[in-house]
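This is a predicted model, so every value here is computed, not measured. Numbered from 1 within each chain, the chains take letters A, B, ... in sequence-line order.
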Amino acid sequence: MRYQRLGLDLVSHLLLAAGCGLFFLPVWLAFTASTHSMSDLYTHIAPLWIGDVGLGNYAQLLSESVSGLNTGMLRLLFNSLVMATGIAAGKIVISVLAAYAIVFFRFPLRRLCFWLIFITLMLPVEVRILPTYEVVANLHMLDSYSGLILPLIASATATFLLRQFYLTIPPELVEAARIDGAGPWRFLKDILLPLSKTNLAALFVIMFIYGWNQYLWPLLVTTDASYMTVVVSLKRMLTTGDALVPWQDVTATAILAMGPPILVILLLQRYFVKGLVDAEK
Amino acid sequence: MRYQRLGLDLVSHLLLAAGCGLFFLPVWLAFTASTHSMSDLYTHIAPLWIGDVGLGNYAQLLSESVSGLNTGMLRLLFNSLVMATGIAAGKIVISVLAAYAIVFFRFPLRRLCFWLIFITLMLPVEVRILPTYEVVANLHMLDSYSGLILPLIASATATFLLRQFYLTIPPELVEAARIDGAGPWRFLKDILLPLSKTNLAALFVIMFIYGWNQYLWPLLVTTDASYMTVVVSLKRMLTTGDALVPWQDVTATAILAMGPPILVILLLQRYFVKGLVDAEK
Amino acid sequence: MATLQLTRLKKRYPNGFIALHEVDLSVAEGELIVIVGPSGCGKSTLLRTLAGLESISDGELTINGRRVNEMEPAERDIAMVFQNYALYPHMSVAGNMGYALKNRGVPKDEIRHRVAATAELLGLGELLERRPRQLSGGQRQRVAMGRAIVREPQVFLFDEPLSNLDAKLRVQMRLEIRRLQKRLGVTSVYVTHDQVEAMTLADRLVVMNGGRVEQCGTPMALYAQPATRFVASFLGSPAMNFLPVTTHQGCVVLPNGTQLALPVDIPEGRAATLGVRPEHLVEATSTQDAGVTLDVTVEMLEPLGADMLAYTRLPGLEEWLVVRLDGAHAASEGQRLSLAFSPTHCHVFDADGMRAMTERAGAKERAVQ
Amino acid sequence: MATLQLTRLKKRYPNGFIALHEVDLSVAEGELIVIVGPSGCGKSTLLRTLAGLESISDGELTINGRRVNEMEPAERDIAMVFQNYALYPHMSVAGNMGYALKNRGVPKDEIRHRVAATAELLGLGELLERRPRQLSGGQRQRVAMGRAIVREPQVFLFDEPLSNLDAKLRVQMRLEIRRLQKRLGVTSVYVTHDQVEAMTLADRLVVMNGGRVEQCGTPMALYAQPATRFVASFLGSPAMNFLPVTTHQGCVVLPNGTQLALPVDIPEGRAATLGVRPEHLVEATSTQDAGVTLDVTVEMLEPLGADMLAYTRLPGLEEWLVVRLDGAHAASEGQRLSLAFSPTHCHVFDADGMRAMTERAGAKERAVQ
């Protein structure tokens, strides 16, 4: 069922290899840089192999408070974790309910609702950032986890993906459940959620990474360093005024910042991959 | 096939109304703020109706160069447009080819390839920003459109969405095309692209908005104000040092910055909505 | 075990399309009614209004004399078997069968007991822990049946439950459904588009067309005495042959000029249709009694094994005349045949497709003789 | 218009599964070969290796004497009609039909001309500008046929082309395909799981099971003289009845003790199976000649209209004995019947399911008599 003989086998493999390089080289460079001392980094350009400091920079980063902030790296990682988890979980709850309402209920404003959610697609947080800031400030949610999380929770993308999945559920399944005496909530709980387990895991991972990588909003809404996130701290390290940028710390932080997303992926991988691959059987 | 009688009709409608408010209020507030003079804004909080300056702030913004930069607003909008279009078009070309290769060809590294693309999902530009910066700087692409566009082009999300769509194409269609003498490129051109027209339009819109809203990368890679984008300029306006933030300009710029994405949506709307809705018939 | 009464039941969709035009039907206790018709005839809509999955626009539906028009499906005490089975993919067979009982708050022990008993009845005892995707098509079908049976409902509704099975399995499950239904004695309504399934299962058959009931009765009565041309052509395979005829002095006149004395109820000179079933056309012997003969040419032969279908043509006529010959018949394409049929096997329909024979009383015995 | 030769064709999948075990087959010019078998028997795989959609593991495939094992589908000059038609949804009917010609670089004028001529042949003239989704199932099927015909290929391949149509349309398209194939005279290979379709269409029939060819020959030859028990049970509906028998002094001994003198080729005392088709079981009259009678009880009746199937049981036996009675037969459930059958209609199979009758020569005439 697929093209098997290609004629352009060699070309495609070369392209693939180049693609791999393109994706992995930066990560490798970041890692090697993080194992050199600062003076090394300012005398050589882009070291290609592990330096003599080894993991020393990491030990130092995790034990001392971050330069320029009176907060430890672990606190920053924890803040990022809370924010990313909160955003991912919140997005999923909202999206499940919204998609459920749109697909399975016939109410007068269904079409309007669809369009409203659709419109939020073009209003990512960056665009509506100023008025949102005002609202959050008025509600005294600056420098708090809820202030970090709540404004990022509405997710048109997740709602759409779930909606597409719900539309593939045969209507007979809904009817069978009605005949079996399952009301709307019971249907959601007993049938729909168990069926969308893999999709929810996949969404959680994607949304967790999205939340983890947020920059602009956490920057605006936190002034207290104890609520700062890792990604924001990275940017801080780069703007040192007249001092030299501590590249070994920056790269080590970048590598550390990649840890939790990778961990979440590994934990949910079983479901996640199934959710992405299952159409292939 | 759907639940029709609800029992919680009223509750759901109230929730809906609240949701609408939540989404639209900020936009409305931004618009009203942009029609007031600066002094008005610093004496009242969050004006709820159009002010007496009307569209005056807009006229001023578009005719003069932006405060603190020696570039006009039109130039900023044009830069954003070039960047967003370039990113969206580039992402689509890459994704179409990648998804095509993954779905329709059997080559030895198919599984590896899948995983590589998958991994880029967890490496958004923010995470690999430093090494990428180094590469772009070495290639002398700072302060250029190609420097703005190229690093943002690889898109795992778009590849996945297209792959999901390609998997729904019946294998018999591919086989019929082979029997009809269509080689791989002809199949792509004559069958696959026409069939995925609506999906591509939808992807273009989403990617255009993604590109339009980029902040961190354009901030890093452009020092020359003539390559600055609207979204970056917004942030600039907020960091005025000791001077008062010109909220009327900020909000007017925010409203202006929403224009092109809305325009793209309206232009491609026909395809876009079909691509999102067609599963429903 | 209930009676079902439909009184002038009507279904009109919001877009104005009328799916059911005043359907009247009463189903006796323990009866198996089969509703049959081509796709789009409204048979599925009818079943879905009985189930409560579609609202009723007008008329009344009662179960055991109790009006249920406005009741939710779960309150009507019915069970439905779906065409695609609609099993819950994430639940085990036992979970699927027990879900309705669980929703009703039946104690767990009793659920387990009733599920086990039903599984035993259907030969599913070994499979209770399996997931639907681990089952074959026939087993899924059985689980769907089990899910309906375990609730001990008042009425079973079947929506083309066999159409996803292959031919051999279909024959087998058909026998099994009939046996089960007789054994349990539950009033049942069965929808299908397959006339063979309909004929073999039904206590009474309802033939629908365009949202209306065309005829209702026992399978053999409908086969022997179809009330309309539609029913005549729908039941039986190969389908009934139709010849255009005219009436003349109380006789029907065949295209070849032969006059046939039949008690028809059509004004002089009007066009009508004469129907004869393929199995009632026989090769004429020299000593043919009182019958009519037609000289035809064989245009195509279809060997079916036991039978051989001959597609023949009467000179000057467009339509095929299909004849069922013995499977070992030595006919060849291009050969001429002389066909005979008896007036007792004739059906005459008027221009509107309605049966137009005057003798109601004696017809049945003759047709079935 | 070509010959097709398969020599020890073998298909083994990378996972080790052998889909085809050394298939030998030669197809003459203009012949219509039907390959039939249950799902998973390898019939579709065989067709796909012919088309070039699956690679050949071993053996040789030639078209007109030219080895094509390694050729791309497009180079083999074949056309294929798919089960789901596989029409290009975004192209008009004309675009679909002309696409292969366009890829070959045929001039536009000629494409238009050939498409129009083919559309005329199939009655699609009015529909050339429509999209596939605007067509009915039957029309789509015709377009798929047209797409194959317009290329004037050496060989037609059909992959269950009628299985998505309803029963009535299937009968009609069956006739049409047969007529077209005869008229165009193109060598064709047709795959189906439906034995009726297979019997009626085939010049020669190939019955496959488990990746092997069980038997190959004309439909009536296979029906009258099945080489294996599998073929005997697969062809014919209702299926052949099988009775467990033993052999004793050159006779077969029925479960009720009756001895039957049949020229069987089975060692003394061995278990065997006796097959009799439902239509060869007749009600015994008092003056039965040379036949065998069985006394059975009717357990279930299935009225089919023209026929009535009686599911009867021989005392002490598990299996049904299905009898085909006349549709107007007055049988009732629980009634006792005395059935007779003639030794000429008997089939005996050994424990391995192979036909075990010695007389090869005279059997055919007798069976077809």
For C:Asp203, enumerate each residue passing the salt bridge (Lys or Arg N to Asp or Glu O under 4.0 Å) test, keeping only those at least two apart in sequence or located in another chain. C:Arg178, C:Lys182

So D:His345 and D:His280, would you call those rings parallel, tilted or perpendicular, with 30° and 60° as cut-offs? parallel

Using non-hydrogen atoms only, which part of D:Leu235 is less than 4.5 Å away from chain C: side chain, backbone, both, or neither? neither

Please classify the contact of D:Ser163 with chain C as side chain, backbone, both or neither, using a heavy-atom distance under 4.5 Å. neither

Between C:Leu135, C:Leu165, C:Asn164, which is the residue that forms a side chain to side chain contact (heavy atoms under 4.5 Å, CB included) with C:Arg140? C:Leu135

If you tally heavy-atom pairs under 4.5 Å between each of C:Pro238, C:Ser237, C:Gly236, C:Gly305 and chain D, the highest tally belongs to C:Gly305

Determine the option with the most heavy-atom pairs under 4.5 angstrom with chain D, choosing from C:Tyr223, C:Phe234, C:Trp320. C:Tyr223

Would you check if there is a donor-acceptor pair between the side chains of D:Tyr190 and D:Glu197 at a distance under 3.5 Å? yes

Of the listed residues (D:Thr200, D:Asp194, D:Leu309, D:Leu201), which shares the most heavy-atom pairs with chain C below a 4.5 Å separation? D:Thr200

Report which part of D:Leu175 has an atom under 4.5 Å of a heavy atom belonging to chain C: side chain, backbone, both, or neither. both

Does the pair D:Glu299/D:Arg313 count as a salt bridge with the N-to-O cut at 4.0 Å? yes

